[in-house]
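Inspection log for the structure reproduced underneath, given as structure tokens.
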Amino acid sequence: MALKVLILGVNGFIGNHLTESILENEDWEVFGMDLGDDKIKGLLQNPRFHFVEGDITINYEWISYHIRKCDVVLPLVAIATPATYVTHPLRVFELDFEANLHIIRKVVQYKKRLIFPSTSEVYGMCQDKAFNEETSSLVVGPINKQRWIYSCSKQLIDRVVYAYGAQEELSYTLFRPFNFIGPKLDTINEQKEGSSRSIAQFISDILYRGEIKLVNGGTQHRCFTYISDGIDALVRIIRNQDGCASQRIFNIGNPTNDVSVKELAERVVALAQNYPKIADLAKKVKITPVSAEDYYGPSYQDASFRVPSIENAQKYLGWTPKVSLEEALRRTLDFYFA
Ligand code: UDP
């Protein structure tokens with residue numbers, strides 16, 4: 001019998017790419033819920049895709065029924081945009097923690113497999129050169145730095161899931177995305193500053209504002225991971241050959257795509273000049289340093305670097321990321337402007 005996969009948040013950045021890949025390459029069935037369907041319009045006719053529009057905080061019965069019906073559950077609904085951590089910290093806690101805990105308990109009750117998105121943010125300001133799932137400390141700032149509510153919400157869920165594994169034999173995999181990028185990350189047509197994650201923000205800055213703002217000068221580093229590499233890892237986790245992913249935590253990131261945010265902005269601007277649709281705007285855009293306080297407000301604090309160890313993913317999943325930063329940026333710009 002074909003595997004039945006339940007994806008909550010199926011229209012999100014990871015959900016839509018994952019569903020597209022599954023329908024194209026596997027014989028699995030996908031059951032999905034989301035508030036919207038703009039990113040999955042092209043998949044709705046597929047007979048192996050069963051979509052319903054709904055809200056995970058309201059449609060408990062549909063979710064409960066489908067957890068029972070499916071083999072694997074991926075609750076991908078979350079707010080994962082740093083600007084929101086400081087403007088709406090309670091919404092982050094209520095959705096990312098409370099709503100998901102409710103779902104996790106159902107997965108435990110029906111003894112299904114759980115694949116849950118942790119985050120590279122859990123490592124916070126850890127000073128390890130490469131973050132390791134088993135040995136690195138998770139380091140966050142004081143309570144008045146509300147940016148860390150996301151990291152803490154995810155960390156506590158990780159600990160609860162781990163405990164369900166230890167005490168009630170829950171079969172789970174926690175995965176930690178390291179700055180996944182690609183088409184359909186956040187909308188690039190958002191007119192409001194600070195509403196998207198860095199790369200989508202920079203593209204929208206070129207289009208609408210003529211100015212890219214570099215928080216604290218953009219000296220902080222991130223490892224950007226192209227979405228198709230992330231999806232490749234997730235498919236291996238779902239496949240779980242010989243139980244290779246069971247009761248494990250995986251960093252999913254590309255340590256070779258390590259750049260400063262300033263360099264990222266400069267590369268996006270340089271590449272954008274090759275696309276006639278935005279070349280003129282890209283030539284004119286200014287890159288300006290701003291303080292974190294001016295950009296996000298006083299309750300923001302940042303991680304200055306974030307490099308994954310991917311030894312576990314390589315060893316247990318046989319996974320290595322393939323897409324370089326240059327190629328990732330090119331494919332993203334191609335999607336919008338080619
Ligand atoms: N950033 C920036 N300018 C922007 C948006 C983001 O300098 O317009 C910085 C942000 O402060 C962070 C980095 O870019 O240090 C990556 O931000 P992102 O929103 O992608 O998420 P994070 O990696 O912090 O979770």
Side-chain angles (χ1 to χ4, degrees), residues 13-14 78-89 92 96 117-126 131 138-141 145-155 176-182 184-188 190-227 230 251-255 257-269 272 285-308 325 328-329 332:
F13 178 48
I14 296 178
I79 293 168
T81 313
T84 315
Y85 312 159
V86 295
T87 55
H88 298 90
V92 173
D96 295 17
S118 177
T119 170
S120 51
E121 278 260 329
V122 293
Y123 297 106
M125 298 177 291
C126 175
F131 301 158
L138 311 179
V139 183
V140 294
K145 298 298 179 191
Q146 295 192 91
R147 188 247 166 90
W148 303 114
I149 197 160
Y150 173 71
S151 176
C152 288
S153 298
K154 288 287 193 180
Q155 181 187 155
R176 296 185 171 156
F178 280 66
N179 290 79
F180 283 10
I181 57 171
K184 303 189 268 185
L185 172 60
D186 296 308
T187 171
I188 58 161
E190 178 59 70
Q191 308 278 341
K192 219 170 107 251
E193 174 184 289
S195 52
S196 303
R197 284 163 279 192
S198 48
I199 170 153
Q201 183 66 47
F202 295 162
I203 296 173
S204 120
D205 289 338
I206 296 172
L207 286 172
Y208 300 109
R209 278 170 291 276
E211 182 179 28
I212 290 177
K213 292 187 177 168
L214 294 179
V215 174
N216 291 334
T219 52
Q220 64 280 40
H221 277 235
R222 294 289 189 273
C223 291
F224 293 92
T225 309
Y226 193 61
I227 185 69
N251 290 336
I252 306 298
N254 190 329
N257 286 349
D258 185 7
V259 281
S260 70
V261 172
K262 179 168 186 273
E263 190 181 339
L264 176 77
E266 288 166 354
R267 287 171 76 164
V268 170
V269 170
V285 74
K286 284 193 301 185
I287 301 184
T288 326
V290 293
S291 74
E293 179 145 0
D294 283 347
Y295 193 84
Y296 287 111
S299 63
Y300 183 78
Q301 189 172 31
D302 206 355
S304 52
F305 60 89
R306 178 186 284 172
V307 181
L325 184 64
L329 296 180
T332 305

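Counting starts at 1 for both ligands and their atoms, in listed order.
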### Query
Between the side chains of T119 and R176, is a donor N or O closer than 3.5 angstrom to an acceptor N or O?
no
### Summary
side-chain contact (heavy atoms from CB on, under 4.5 Å) with R147: of V140, V86, V92, only one passes, and it is V86
### Query
For ligand 1, what is the set of protein residues having any non-hydrogen atom at a distance below 4.0 Å?
P82, E121, R147, N179, R197, S198, Q201, F202, K213, L214, V215, Q220, R222, V261, Y295, Y296, Y300, D302, R306
### Task
Please name all residues satisfying side-chain contact (heavy atoms from CB on, under 4.5 Å) with V259, sequence neighbours left out, ordered by chain then number.
F224, E263, L264, R267, L325
### Query
Any ion pair linking R222 and D302 (charged N to carboxylate O, less than 4.0 Å)?
yes
### Message
Quick check for you: to the nearest 0.5 Å, what is the distance between M125 atom CE and Q301 atom CD?
### Response
4.0 Å
### Message
To the closest 0.5 Å, what do you measure between CG (L329) and CD1 (I181)?
### Response
5.0 Å
